[in-house]
Amino acid sequence: MRTRFRTALMAGAAAVLGLALTACGGSDSGSGQQAGQQAPARTLTVSAAASLTSVYQQLGTEFQNANPGTTVKFNFGGSDSLAQQVVQGAPADVLATASSKTMNTAVQAGKIQGEPVIYATNSLQIAVAPNNPKGITDLASLNRPGIVSVVCAPAVPCGAAAEAAEKAAGVTLTPASEEQDVKGVLNRVQTGNADAGLVYVTDVKSTNGKVQGVSFPQASAQGAVQSYPIGVVTGSQNADLAQSWISFVRGEQGTAALQQAGFVTK
């Protein structure tokens, strides 16, 4: 009797121990699955000046690779239009313009968190067809008979830069059109619809030889060199991710990409 009783007690204890071990094992398994879950999908919306198109697209891919689950959505255009869109409440997490003046439009409206940061500058060049068939050498060349030139509209940073360069050179241009962003000017030259256009150094470089750049001294005049500020949009639902983007653009990878594109970094 006593032997049978002791055997029963031992069997019961083993069963209880087995249940406890099973419970512990199940708990460990659950925590392992939780740690291995994918990061939640998030979309970062960046409104950026048209002159940033090529380098930002490159950096967007690199940022997504470094932040699994993140998609970077770009809205490229004229800086003045982008600033107005942000002021009017268009969805955006980051605003990156091609001049401090256009950024101030959003700052003064209370649409930028804190102070925007200037991280790069850009200068003008005259974009012409490869090998410069019209022999464009300076701003005065653009007023020669038979030369079709294009510039940005005055409200756009590249247009304001062009006006500053004209003033420094003592030249008043008579362009065939005033485009709403620098890519519009570049496209007119690339397609042969214009002989020359005032764009940024970075825009010429982005074409990989499809247009040629002509440098001129007044490109460094006061007001002709444009600063590039960037800031987090007030009310962004992804403010932490937006700040990560700004840090990335200003970091080692971003700085290298900007310099390769022709920007002067800060």
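What's counted below: heavy atoms across the whole structure, side chains too, no hydrogens, waters or symmetry copies. Everything quoted here is computed from the prediction, not taken from an experiment.
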When rounded to the nearest 0.5 Å, the distance separating CG of Asp93 from CD of Gln113 is 10.0 Å
Verify whether one side chain among Ser177 and Glu179 offers a donor that lies under 3.5 Å from an acceptor in the other. yes
With the side chain counted from C-beta on, respond yes when Cys158 and Tyr200 share a heavy-atom pair under 4.5 Å apart, and no when they do not. yes
Quick check: closest heavy atoms across Gln226 and Ala160, and the distance to 0.1 Å? NE2-CB, 4.2 Å
Heavy-atom check, side chain of Glu178 versus side chain of Val150, under 4.5 Å: no
May I ask whether Val151 and Val171 are part of the same hydrophobic cluster, defined by side-chain heavy atoms of I, L, V, M, F, W, Y residues being less than 4.5 angstrom apart, directly or through others? yes
More than 12 non-hydrogen atoms from neighbouring residues, nucleotides or ligands closer than 6.0 Å to CD on Gln237, yes or no? no
State, without any angle test, whether Gln85 and Asn75 hold a side-chain donor-acceptor pair at a distance under 3.5 Å. yes
Non-hydrogen side-chain atoms of Ile136 and Ile147 separated by less than 4.5 Å: yes
In terms of heavy-atom contacts, Ser79 and Thr102 come closest through CB-OG1, 3.5 Å
Restricting to side-chain contact (heavy atoms from CB on, under 4.5 Å), what partner residues turn up for Asp138, sequence neighbours left out? Ala140, Ser141
Same cluster (ILVMFWY, side-chain, under 4.5 Å), Ile112 and Val249: no
Could you tell me if the side chain of Ser149 sits less than 4.5 Å from the side chain of Thr174, heavy atoms only? no
What is the distance from atom NZ of Lys111 to atom CE of Met103, rounded to the nearest 0.5 Å? 14.0 Å
Salt bridge flag under 4.0 Å for residues Asp240 and Arg42: yes
Heavy atoms, side chains only, cut-off 4.5 Å: are Cys152 and Val182 in contact? yes
I'd like to know if Val232 and Leu95 are part of one continuous hydrophobic network [Ile/Leu/Val/Met/Phe/Trp/Tyr, side-chain heavy atoms within less than 4.5 Å]. no
Let's go through Leu198 and Phe216 carefully: what are the C-alpha distance in whole Å and the side-chain angles of both, what is the deciding distance for side chain to side chain contact (heavy atoms under 4.5 Å, CB included) to 0.1 Å, and is it a yes or a no? CA-CA 11 Å; Leu198 282 176; Phe216 58 98; 3.9 Å; yes
Heavy-atom nearest pair, Gly197 first then Val185, reads CA-CG1, 3.7 Å
Between Thr255 (side chain) and Arg250 (backbone), is there a donor-acceptor pair under 3.5 Å? yes
Gln190 and Thr207, any side-chain heavy atoms less than 4.5 Å apart: yes
Check whether any side-chain heavy atom of Leu124 sits under 4.5 Å from a side-chain heavy atom of Val199, and report yes or no. no
Tell me if a side-chain donor or acceptor on Asn131 pairs with a main-chain N or O of Pro133 at a distance below 3.5 Å. no
Is it the case that the side chains of Thr202 and Asn122 hold a donor-acceptor pair, with the cut-off being a distance below 3.5 Å and no angle test? yes
Considering non-hydrogen atoms only, spot the tightest contact between Ala239 and Ser236 and give its length. N-OG, 3.3 Å
Tell me whether Val204 shares a hydrophobic cluster with Tyr56, the cluster being built from Ile, Leu, Val, Met, Phe, Trp, Tyr side chains joined at under 4.5 Å. yes
Within-4.5 Å side-chain heavy-atom neighbours: Glu163 and Pro154: yes
Is there a side chain to side chain contact (heavy atoms under 4.5 Å, CB included) between Asp80 and Thr105? Walk through the geometry before answering. CA-CA 8 Å; Asp80 61 325; Thr105 300; over 6 Å; no
Is it true that Gln125 and Ser215 share a donor-acceptor pair across their side chains at a distance under 3.5 Å? yes
What one should report as the nearest heavy-atom pair of Gly77 and Leu82 is O-CD1, 3.7 Å
I'd like to know if the side chain of Asn104 and the backbone of Val107 have a donor-acceptor N/O pair within less than 3.5 Å. no
Find the distance between CD (Gln259) and OG1 (Thr265) and round it off to the nearest 0.5 Å. 4.0 Å
Could you list the residues that satisfy ring pair (Phe, Tyr, Trp, His ring centres under 6.0 Å) with Phe63, not counting sequence neighbours? Trp245, Phe248
Nearest heavy-atom pair of Gly146 and Asp195: which atoms, and what distance? O-OD2, 3.4 Å
Co-membership, hydrophobic cluster, residues Val201 and Leu258, 4.5 Å side-chain: no
Any donor-acceptor N/O pair, Lys205 side chain to Phe263 backbone, under 3.5 Å: no
Once rounded to the nearest 0.5 Å, what's the spacing between atom CD of Gln58 and atom CG of Leu52? 12.5 Å
dist Thr121:OG1 -> Tyr228:OH (nearest 0.5 Å) comes out at 9.0 Å
Euclidean distance, Leu139 CG relative to Ile126 CD1, rounded to 0.5 Å: 5.0 Å
